[in-house]
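Here's the structure, in structure tokens; my notes come after.
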Amino acid sequence: MKLTAQINSDLGLLLPELGTVALIVIAIIFGLITRDRKNHKILFGASLIGIITLNILQLFSLTTLPKVFLFSDHIIISAKMSYVKCLLTFVCILYFIYKELKPSEETATSELHTTVLAQLLGCFLVIQAGSYVTLFLGIELVSITSYIIAYFGNSDKAKISAMKYFLFGAFSSALMVYGISWMYGITGSYFINDFPKTYTTVFDESFQYLALICLYAGLFFKISAIPFHLWTPDVYKGVPNSLLAILSLLPKISGLLALYHIHSQLTLLPIFGTISWYYLFAISIITMLMGNIIALRQVHFKTLFAFSSIAQTGLLLVLIPTQNMDMLLFYLSFYILMNVSLLFIYELFAKGDPDTELSTLSGLGIHHPALGILLLISVTSLIGIPPFIGFIGKVFIINSLFSDSFSLENIKSLTGIVVVFTTLISLVYYLRMPYYLFVKKYEDSDLPRINSKQVSFSAILVLPLIIGFFSFDWLLQWLQCVK
Amino acid sequence: MNLLTLVIFLPLLSIPIFLLLHKKTEYIKVISLLTFLAQLCIGGLIWFQFDSQNPELQFISKHSWISVVSQNFSFKSDYFVAIDGLNLALVLMSSFIFVISTIASWNVDKKPRAYFSLLHLLACTTIGCFVAMDLFVFFVFFEFMLLPMYFLIAIWGGPRREYASIKFFLFTLFGSLLILIVFIWLYIQTGSFDITVLKTQHAALDGLPLKGTMFLLLFVGLAIKLPAVPVHTWLPDAHVEASTPISVILASLLLKTGGYAIIRLGMYIFPAQLVEYAWLLAVVGVISIIYAALNALAMNDLKKMIAYSSVSHMGFVLLGIGSCSIGGINGSVFQMVSHGIISGALFLIVGVIYDRVHNRSIDHFRGLAFKMPLFTTVTSIAFFASLGLPGFSGFIGEILILLGSFEGASTHHLFSQWWVIAACFGILLSAAYYLWTLQRMFFGKYWLKEGSKWSTELTDINSREKIMLYMLCFLMLFLGLVPNLILKEINVTVTHLIKAIIIP
């Protein structure tokens, strides 16, 4: 009886997740009843607003409370994670508005909306996972929905890339389960928060390497860190830009936070902590270097975006071993805006067909100066040049890397140097967009038609990047208060 | 409202007006000129109210900007601007050069709104860079300067502008990133970006093992901006591709931010390292002087020759700082102001020829003195001022630097005297390339590559060019005859700050 009462009271705290489940079911049923697209759209929009409201309510009810453990530690909820859930839902809302305003028609059905909601639910599970079982459930939910979303590109290419994505994904999921079983074997627990009590060093050190490498593989695949990035450029090429906003952000954000949780618990252990520390730094160095260098050679927007987002993953990964949760959330909040605005404005310029070479932009900044400047701000913010918010993010990242003793043998300082130098590389390829926009002459006679709604949406996305630079301290201050 | 804040942000105020002037683009340049004249007037007001006996910072404006404080993380930066003898003359010179460059841009008809907006953005950041006393604010101004400059070269530049602008951006961003590392290191050690706080703690920082390395990083970062050999290669390319007014700003102001920052940060935060690595600064300076002068001698493109002469003259600034003496550092600051005025005039002179015939090869012209007498006179004045003829401002700067570095070499044994002697030889080289150019282009029998076609186009300087060139020539001569006009303030501050530099 006591257990049932416990479960009942826990369910109350899971309101956002339960709400999402209910909305998914409603969306499926609704999709069977009516074929009218407009109704589906309204339902989707309303569901997103409902989900974000529930999350905001949860956030404010939890603000200063400590973490809450639900379902005998399988799920952990906290105000910080509620904030992330708000961010994730916000991405979906941006996607919704994006789709409304985009220049080309998109043949989206209620199935797509259901899939997006299901992915959102998967992300909620991943970031609040208290045990590897929940984590794996969430990861699989995110993965399967990602394969379906990749398939919605509706071209042969998209189908091939979705299949590729699926195969790679299945492989890395399998690796992850293998890693989890090793973790269970070594520590005797499949709870993320529970190691210190049960951990005994019976096994040889090499098994711990194996366990960790396999366990992280699944997460690295989700956040597309090198060398688990092979699906990224193909899938990005096949998917329309609007869906890319979801596909490039939701799995990445949730994967990063799951990594954060696991790493922060593993650091409490003697050997695992060190392995994880070095492993994360090494992967982030490789990801930053390779991502940036490969991006240098890209002339297509989609592949350039893919590799630049891989490079950004490397940068974000740095914040995990340095244990800087507030900074991670701070950077992610603005990263969402930079990413979505870049995708949206490029699509406007490319007349709804963003799978083109960057030279499509030639001279368009002169015909649409306002939009051109907005793209410039978004891009320079991604490079990290003042006075845009990306610079603050970079300064804080470098700050946290150099904060203790500096030496070249120290992998932390080495990562700092890599951050600095890859900034330089990223300048070259990011600047190519404003270069085409403002410097090259316009060749095509057919100008893209851009209405004021689209411009104002872009402005809403971009202006926080510049306003944020001059007054961002309140957000950080607030993030630090939130438990 | 603080006058200094007004000087920095006044140019920004006119950008919205430009954007509103959709149809009437002809008013833009007038508004731009008025803005910069107003800025110059406020600058003059500051100079008038400036207490020249006081070596400390004046016109201080300090407001809290960013403040994030918690147990494991803190970040604090104030908007902090002030002025003293080191930057007073540079601020005045900046507003003046922006007035000149607006007049020089009078004929820009390609997207004038964007052009003048970027120019005003550049004015704000350049002057902000000279007066910022908080390292974070300084860095923001220092790095945001690159973006408007990139577009000014890339859109209104010459045929190879793509290459030149990205090279400029890459080199200077690399330098900025090195500086950023140093600033973050300083912040981590002291918890402050405020350079007056850092000044009080510089002795405590000396014990740290990395301080020498940090000074070297800072030096490399700023030497790129200065620029010093061997990291100077972006400058000739950028100059050749940039249009005349942009070249003027690049040579007169952007290079000076590097030199100014070495003096300011060196004397405030790294005095011990400045002495320790004085030999390095001096050697790099002398190599810049000689190597760039030899390059200038070999150039056939008039603009490239002047670009290399800029590198050569900025080498003197580095040598002066390396001398760690009152005379040398006074000379360095003076040389920066003087070179700002002279190089502005030199690039305008190239612009005069290039605007008329779209060619600037030295061997395509001969005997211009017969065709363009006024132009020849002005050119000779600028050339002589640049090569350091007594009576002109270039002479004062260079003589102070050489005297100071002989003091540093013989009294304090910071470096060998032979380096100073080599620097004197650099003056000889500059005389050689200027006089040779003068002889090849302006004297001799009148001859042009394209004959009569060019002959009709090559008219003497018009009234707009007269205004600019006469003003600049007057200033060179005036500063050469009455150097105390600005040297007085520089000297008070340098004498005060030099106390921090203890030479063993």
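Numbers restart at 1 for each chain; the letters A, B, ... are given by sequence-line order, proteins then strands.
Below 4.5 Å, heavy atoms of chain B meet heavy atoms from A/G384, A/I385, A/P386, A/P387, A/F388, A/F391, A/I392, A/V395, A/F396, A/I398, all part of residues 382-398 of chain A. Of all residues spanning residues 128-145 of chain B, those with a heavy atom less than 4.5 Å away from chain A's heavy atoms are B/F136, B/F139, B/V140, B/E143, B/F144, arranged by number. For residues 152-164 of chain B, the interface with chain A (any heavy-atom pair closer than 4.5 Å) comprises B/A154, B/I155, B/R161, B/E162, sorted by residue number.
Pairing each heavy atom of A/P321 with each of A/H263, the nearest pair is CA-NE2, 3.6 Å. The minimum heavy-atom distance between B/H120 and B/S14, with the atom names listed, is ND1-OG, 2.9 Å. What you find for B/K211 and B/L205 is that their closest heavy atoms are CD-O, 3.5 Å.
The pair B/K76-B/D194 fails the salt-bridge criterion, with no side-chain N (NZ, NE, NH1 or NH2) lying under 4.0 Å from an Asp/Glu carboxylate O.
The backbone N or O of A/F470 sits less than 3.5 Å from a side-chain atom of B/W65, completing a donor-acceptor pair. Panel note: side chain A/S378, backbone A/L374; no donor-acceptor pair is recorded below 3.5 Å. For the pair A/Q298 (side chain) and A/I294 (backbone), a donor-acceptor distance under 3.5 Å is present. A/K80 contributes a side-chain N or O that, together with a main-chain N or O of A/L479, makes up a donor-acceptor pair within less than 3.5 Å. Checking side-chain atoms of A/H368 against main-chain N and O of A/P448 turns up a donor-acceptor pair under 3.5 Å. Side-chain atoms of A/S276 never come within 3.5 Å of backbone atoms of A/G273 as a donor-acceptor pair (strictly under, hydrogens ignored). Side-chain atoms of A/R432 come within 3.5 Å of backbone atoms of A/L296 as a donor-acceptor pair (strictly under, hydrogens ignored). A donor-acceptor pair under 3.5 Å is absent between the side-chain atoms of B/K167 and the main chain of B/D237, judged by distance alone.
Residue B/L147 touches chain A through its side chain alone, counting heavy-atom pairs closer than 4.5 Å. Of the two parts of B/I166, only the side chain, counted from C-beta on, holds a non-hydrogen atom closer than 4.5 Å to a non-hydrogen atom of chain A. Proximity to chain B involves both the backbone and the side chain of A/F469, based on heavy atoms less than 4.5 angstrom apart. Proximity to chain B (any heavy atom under 4.5 Å) is shown, for A/P369, by neither the backbone nor the side chain. Using a 4.5 Å cut-off between heavy atoms, B/L180 contacts chain A through its side chain alone, with no backbone atom that close. Contact annotation for A/I425: neither backbone nor side-chain heavy atoms come within less than 4.5 Å of a heavy atom of chain B.
Between the side chains of B/S105 and B/Y115, at least one donor N or O lies within less than 3.5 Å of an accepting N or O.
Considering only heavy-atom pairs separated by less than 4.5 Å from chain B, the leading option among A/V420, A/T423, A/L427 is A/L427. Note on A/F438, A/Y435, A/W474: by heavy-atom pairs under 4.5 Å with chain B, the leading option is A/Y435. Counting heavy-atom pairs closer than 4.5 Å to chain B, the top-ranked of the candidates A/V439, A/L476, A/L376, A/V428 is A/V439. Contacts with chain A were tallied for B/Y187, B/F174, B/F183; B/F174 has the most, counting heavy-atom pairs under 4.5 Å.
Annotation for A/K67: atom NZ does not count as buried by contact number, only 12 or fewer foreign heavy atoms lying within 6.0 Å.
Aromatic rings of B/H63 and B/F80 (six-membered ring for Trp) have centroids beyond the 6.0 Å cut-off, not under it.
Note: B/F75 and B/F193 have perpendicular aromatic rings, judged against thresholds of 30 and 60 degrees for the angle between ring planes.
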Exercise for the section: Check step by step if ring-ring contact (aromatic ring centres under 6.0 Å, His included) holds for A/F330 and A/F472. Expected result: CA-CA 9 Å; A/F330 175 77; A/F472 61 86; 5.7 Å; yes
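In this structure, B/K111 has no salt bridge (charged side-chain N to carboxylate O under 4.0 Å, His left out) partners at least two apart in sequence or on a different chain.
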